[in-house]
Engineer: 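Submitted below is the structure of interest, expressed as structure tokens.
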Amino acid sequence: ELKVEQNPLFLSMQEGKNYTIYCNYSTTSDRLYWYRQDPGKSLESLFVLLSNGAVKQEGRLMASLDTKARLSTLHITAAVHDLSATYFCAVDNRSNYQLIWGAGTKLIIKP
Amino acid sequence: GAVVSQHPSWVICKSGTSVKIECRSLDFQATTMFWYRQFPKQSLMLMATSNEGSKATYEQGVEKDKFLINHASLTLSTLTVTSAHPEDSSFYICSASGEAGGLGEQYFGPGTRLTVT
């Protein structure tokens, strides 16, 4: 059974600091996704990672994928308040193409 | 990019009534649509997967007679919550995939907040 674990589940940090959110998954998968969710809103797609060693960057966010370690990271550089949100990773289940979701990381960035 | 809309964005209904939520893919044909529900401070829970023209596949523990899903066209799927009760209050999100079997990226709708009084 494919399982996805995110950590930390909650992160409070100061503006200007760097931090990393980790996403581990239990079996082989073809794709890994990172999403952002603001309170009361739906999901915003951030990154789609398709292959081992993939690295994608958008602004202060950078995501990477290590398929051998079954690990993806979402790195935040010089955090700003606007990045406060809940971040989810999700992994494709090869057998039925459903997304298996992490529990989410609630990120609070204090000015 | 691919756009998915949901209607209504929020709805309040009385216990015992039924509510229909629409999910539309606006600029692509959605072969597969997914329905999720999300409780406060929790992750998404997949309720069912629907392929156009066929019956939806429900996840374990989801009552198919209570949550009626119709995917009659390549751009529209509906979720009807029948005989709603307060415990059905939740945030319902649909997503759509343009590739067969749901392969490929899912594009998410803006969600529908249902409150049952």
Side-chain angles (χ1 to χ4, degrees), chain A residues 1-12 21 23-25 28-51 54 56 58 63 65 84-108, chain B residues 1-10 21 23-25 28 30-51 56-60 62 89-115:
Chain A
E1 181 187 353
L2 179 57
K3 293 184 179 180
V4 179
E5 291 186 358
Q6 266 182 258
N7 69 84
L9 299 182
F10 179 81
L11 177 58
S12 179
I21 300 170
C23 177
N24 290 272
Y25 54 99
T28 306
S29 175
D30 293 322
R31 306 182 192 211
L32 188 139
Y33 302 84
W34 283 98
Y35 294 93
R36 167 181 173 149
Q37 187 178 36
D38 291 300
K41 303 290 185 181
S42 188
L43 299 167
E44 174 189 351
S45 178
L46 296 175
F47 301 107
V48 182
L49 302 171
L50 302 177
S51 60
K56 291 193 175 181
E58 182 72 34
L65 178 63
S84 297
T86 298
Y87 293 85
F88 291 96
C89 67
V91 176
D92 258 342
N93 183 337
R94 274 185 172 180
S95 63
N96 58 17
Y97 303 112
Q98 292 175 359
L99 290 179
I100 308 301
W101 294 85
T105 297
K106 183 171 184 178
L107 176 63
I108 295 177
Chain B
V3 179
V4 177
S5 69
Q6 272 183 252
H7 177 81
S9 56
W10 59 271
I21 303 169
C23 177
R24 293 181 185 271
S25 57
F28 69 102
T31 309
T32 304
M33 287 187 170
F34 302 85
W35 286 95
Y36 297 87
R37 67 188 298 183
Q38 185 181 34
F39 292 108
K41 300 183 181 180
Q42 293 188 22
S43 189
L44 275 71
M45 184 192 82
L46 179 66
M47 299 175 66
T49 304
S50 73
N51 292 293
T57 301
Y58 290 81
E59 294 301 299
Q60 193 172 8
V62 178
S89 299
S90 188
F91 192 46
Y92 291 87
I93 306 174
C94 72
S95 71
S97 170
E99 299 183 45
L103 176 65
E105 186 166 2
Q106 294 180 27
Y107 301 96
F108 287 83
T112 297
R113 186 160 303 282
L114 170 63
T115 301

Engineer: Taking the side chain from B:Ser43 and the backbone from A:Trp101, do they hold a donor-acceptor pair closer than 3.5 Å?
Structural biologist: no
Engineer: Name the region of A:Ile100, side chain, backbone, both or neither, that has any atom closer than 4.5 Å to a heavy atom of chain B.
Structural biologist: neither
Engineer: Against chain A, label B:Leu46 side chain, backbone, both or neither, depending on which of its atoms sit under 4.5 Å from a heavy atom there.
Structural biologist: side chain
Engineer: Kindly indicate, with the supporting measurements, whether the criterion side-chain contact (heavy atoms from CB on, under 4.5 Å) is fulfilled by B:Ile93 and A:Gln37.
Structural biologist: CA-CA 12 Å; B:Ile93 306 174; A:Gln37 187 178 36; 4.2 Å; yes
Engineer: Enumerate donor-acceptor pairs with a distance under 3.5 Å from any side-chain N or O in residues 38-45 of chain A to protein atoms, sequence neighbours excluded.
Structural biologist:
from	atom 1	to	atom 2	distance (Å)
A:Asp38	OD1	A:Arg36	NE	3.3
A:Asp38	OD1	A:Arg36	NH2	2.9
A:Asp38	OD2	A:Arg36	NE	3.3
A:Ser42	OG	B:Gly109	O	2.4
A:Ser45	OG	B:Glu105	OE2	3.1

Engineer: Sequence neighbours left out, what passes salt bridge (charged side-chain N to carboxylate O under 4.0 Å, His left out) with B:Arg37? Give chain and number order.
Structural biologist: none
Engineer: Using a cut-off of under 4.5 Å on heavy-atom pairs, state which of B:Gln38, B:Gln6, B:Arg113 scores highest against chain A.
Structural biologist: B:Gln38
Engineer: Would you compute the distance between atom CD of A:Gln98 and atom CD of B:Glu59 and round it to the nearest 0.5 angstrom?
Structural biologist: 4.5 Å
Engineer: For the residue pair A:Leu99 and B:Tyr36, establish whether any side-chain heavy-atom pair is separated by less than 4.5 Å.
Structural biologist: yes
